[in-house]
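Since the structure comes first, as structure tokens, the remarks are kept for the end.
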There are 2 protein chains.
Amino acid sequence: MIFGLQDYNFSVLLIKSDFPDYLGQWSLLGDIVEVDESLDAAAYRILSDRTGLDSLYLEQVKSFGTVNRHPAGRVITIAYYALVNIDQVRLVKDDNELHWHQIDQIDRLAFDHNEILDTCIRRLRDRIRSEPVGLNLLPDEFTLRDLQSLYETVLGITLDRRNFRKKFFGTGLLIDLKKQENNVRHRPAKLYSFDFEKYNQIKEESIHFI
Amino acid sequence: MIFGLQDYNFSVLLIKSDFPDYLGQWSLLGDIVEVDESLDAAAYRILSDRTGLDSLYLEQVKSFGTVNRHPAGRVITIAYYALVNIDQVRLVKDDNELHWHQIDQIDRLAFDHNEILDTCIRRLRDRIRSEPVGLNLLPDEFTLRDLQSLYETVLGITLDRRNFRKKFFGTGLLIDLKKQENNVRHRPAKLYSFDFEKYNQIKEESIHFI
DNA sequence: ACAAAAGTGTTAGATTTACACCCATGA
DNA sequence: TCATGGGTGTAAATCTAACACTTTTGT
């Protein structure tokens, strides 16, 4: 599962199934794990094949293994999600077979992929509150508006702007880049980056980001 | 992974490995998933074979699939943990091949089982704070001392008694059974049960138990 | 000058933490 | 009567939530 933010909307990359029983339905990306390849390596390979990116945030979520979930026979799927900065993605098959879809507009997917998607979303929502994984969805330099919007769209909630800023600055993990965005037709926002180095030193302290 | 409380200590059931490379070392319980059996069904089967119990709390945690983790060849392990009330367990092989071990006294396990164990413990510690899964480790009727001790031993922390009671009563999910323990050489504690029915109605509200 | 989003503090309420004494039972 | 753990309340500190006006830019 490849998640990204497309125009401030929480989205996932889907591909049209070429499997006869589900022809033309949207499905998640996947492939078979090779015998001489670890699960993580397979996940990175599949991701890289599809997006051209190779250093990404990946988390294994769950294995799905009911007996008749795939019409071709017994298939066990080990689900991972990746968080990507959508601007850096070059879709390898960028005809209409491979598309970003907004999470809240997804209807029926092929196979048991709705269940897998829901499970991954729940995991991400959990994770994003206590670890700074959401930053993988943004460029390295971002505004506080970007950051707040990320949490709002992924969690499907709205946040108070002043409280959000206070809380996030309170972590001491934002680096003021002394730069501003430009070409916006309103007061330009300051740009920040996230201090991953400092975070790695203090991450045992159970931080809450929102 | 089968977790239980043995004399108020957080423990896990281990078996002596009969695999040549790890002969005599302790390892986690496992078995092969049959082709016509779901992952969950396999987990329940293995558990029931070992403990004689069949209605238990089980959670899938993670799949482990590095290439050379098992000397016999490519093996992918899908880890689950179960929480059992140790008093109800009848060990099927209760010679010295199958034993409860206190978590904090476990040394080196066979295969990559230390890593699997650590991952499961982390998951359980996370889960237990926001869902009432810990109650599966206790008998149906318990004292507040039992309950506090459960959280303390699983999380490896100490808690203030008055605050713990206040917090837990605050959930409104404890049923006063109007009974007391007996044959203790101090003031007997009241017995409670957990209101799972009520919990299921309100579980969306994101409760924190400690 | 106007429209749009950026930036900024204070206060009330809720939650969390720290802490000490009397009570009921069995030995 | 003694030892052991059960049961109980309050106050300070911290955290969370609610809320409105001025600033800076492009058009």
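These numbers come from the heavy atoms of this one structure, side chains and all, not from hydrogens, waters or symmetry mates. Bear in mind that the values here come from a model prediction, so they are computed numbers and not experimental data. Note on naming: letters A, B, ... go to the chains in the order of the sequence lines (proteins, then strands), and numbering restarts at 1 for each one.
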If I take atom [atom1] in residue [X] and atom [atom2] in nucleotide [N], what distance separates them, rounded to the nearest angstrom?
X         : N       : atom1 : atom2 : value
Arg129(A) : dT16(D) : CZ    : P     : 12 Å
Arg185(B) : dG5(D)  : CZ    : P     : 6 Å
Lys179(A) : dT24(D) : NZ    : C1'   : 20 Å
Ile210(B) : dT16(C) : CD1   : P     : 11 Å
Gln148(B) : dG5(D)  : CD    : C1'   : 12 Å
Phe209(B) : dT15(C) : CZ    : P     : 16 Å
Asp146(A) : dA5(C)  : CG    : P     : 13 Å
Phe164(A) : dC19(D) : CZ    : C1'   : 18 Å

Problem - dT16(C) OP1/OP2 closer than 4.0 Å to side-chain N/O of Lys167(B) - result: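 So the side chain of Lys167(B) is within the cut-off, an N or O lying under 4.0 Å from OP1 or OP2 of dT16(C).
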Problem - Phosphate OP1/OP2 of dT8(D) contacted by Lys166(B) side-chain N/O (<4.0 Å) - result: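 For dT8(D), OP1/OP2 do not have a side-chain N/O of Lys166(B) under 4.0 Å.
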So which nucleotide from [options] ends up closest to the side chain of [X]?
X         : options                  : value
Lys190(A) : dA4(C), dG7(C), dT25(C)  : dG7(C)
Pro188(A) : dG6(D), dC19(C), dT24(D) : dT24(D)
Asn163(B) : dT27(D), dG7(D), dA18(C) : dA18(C)
Arg165(A) : dA4(C), dA27(C), dA6(C)  : dA6(C)

Problem - CA sep, side-chain torsions, deciding dist, call: Ser38(A), Arg69(B), side chain to side chain donor-acceptor pair (under 3.5 Å) - result: CA-CA 10 Å; Ser38(A) 73; Arg69(B) 53 185 295 279; over 6 Å; no
Handout entry: Residues Glu59(B), Tyr57(B); criterion side chain to side chain donor-acceptor pair (under 3.5 Å); working and verdict
Key = CA-CA 7 Å; Glu59(B) 178 178 352; Tyr57(B) 180 77; 3.2 Å; yes
Handout entry: Sugar-phosphate, base or nothing in reach of Asp160(B), heavy atoms under 4.0 Å
Key =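 Base contact - Asp160(B) has a heavy atom under 4.0 Å of at least one base atom.
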Handout entry: Upstream residue (5' side of DNA chain C) when His186(A) and Phe169(A) are each assigned their closest nucleotide
Key =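 The 5'-side residue here is His186(A).
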Practice task
Hey, which sits more toward the 5' end of DNA chain C by its nearest nucleotide, Glu181(A) or Arg161(B)?
Solution key: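 First, find each residue's nearest nucleotide; the 5'-ward one identifies Glu181(A).
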Exercise for the section: Is it possible for you to check whether Lys62(B) lies under 6.0 Å from the centre of the six-membered ring of Phe64(B), through NZ or CZ, and within 45° of that ring's axis? Expected result: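 Lys62(B) over Phe64(B) ring: yes.
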Handout entry: Ring geometry between Phe3(A) and Phe10(A) (parallel below 30°, tilted from 30 to 60°, perpendicular above 60°)
Key =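 Tilted: the ring planes of Phe10(A) and Phe3(A) meet at 30° to 60°.
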Handout entry: Side-chain H-bond candidate by donor/acceptor type, Ser63(B) with Ser63(A), under 3.5 Å
Key =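 Side chains of Ser63(B) and Ser63(A): pair found under 3.5 Å.
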Exercise for the section: Kindly say whether, by distance alone, the side chain of Arg187(A) makes a donor-acceptor pair under 3.5 Å with the base of dT23(D)? Expected result: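 Side chain to base: pair present.
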Problem - Nearest-nucleotide 5' precedence on DNA chain D, Asn182(A) against Arg162(B) - result: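 Nearest nucleotide further toward 5': that of Arg162(B).
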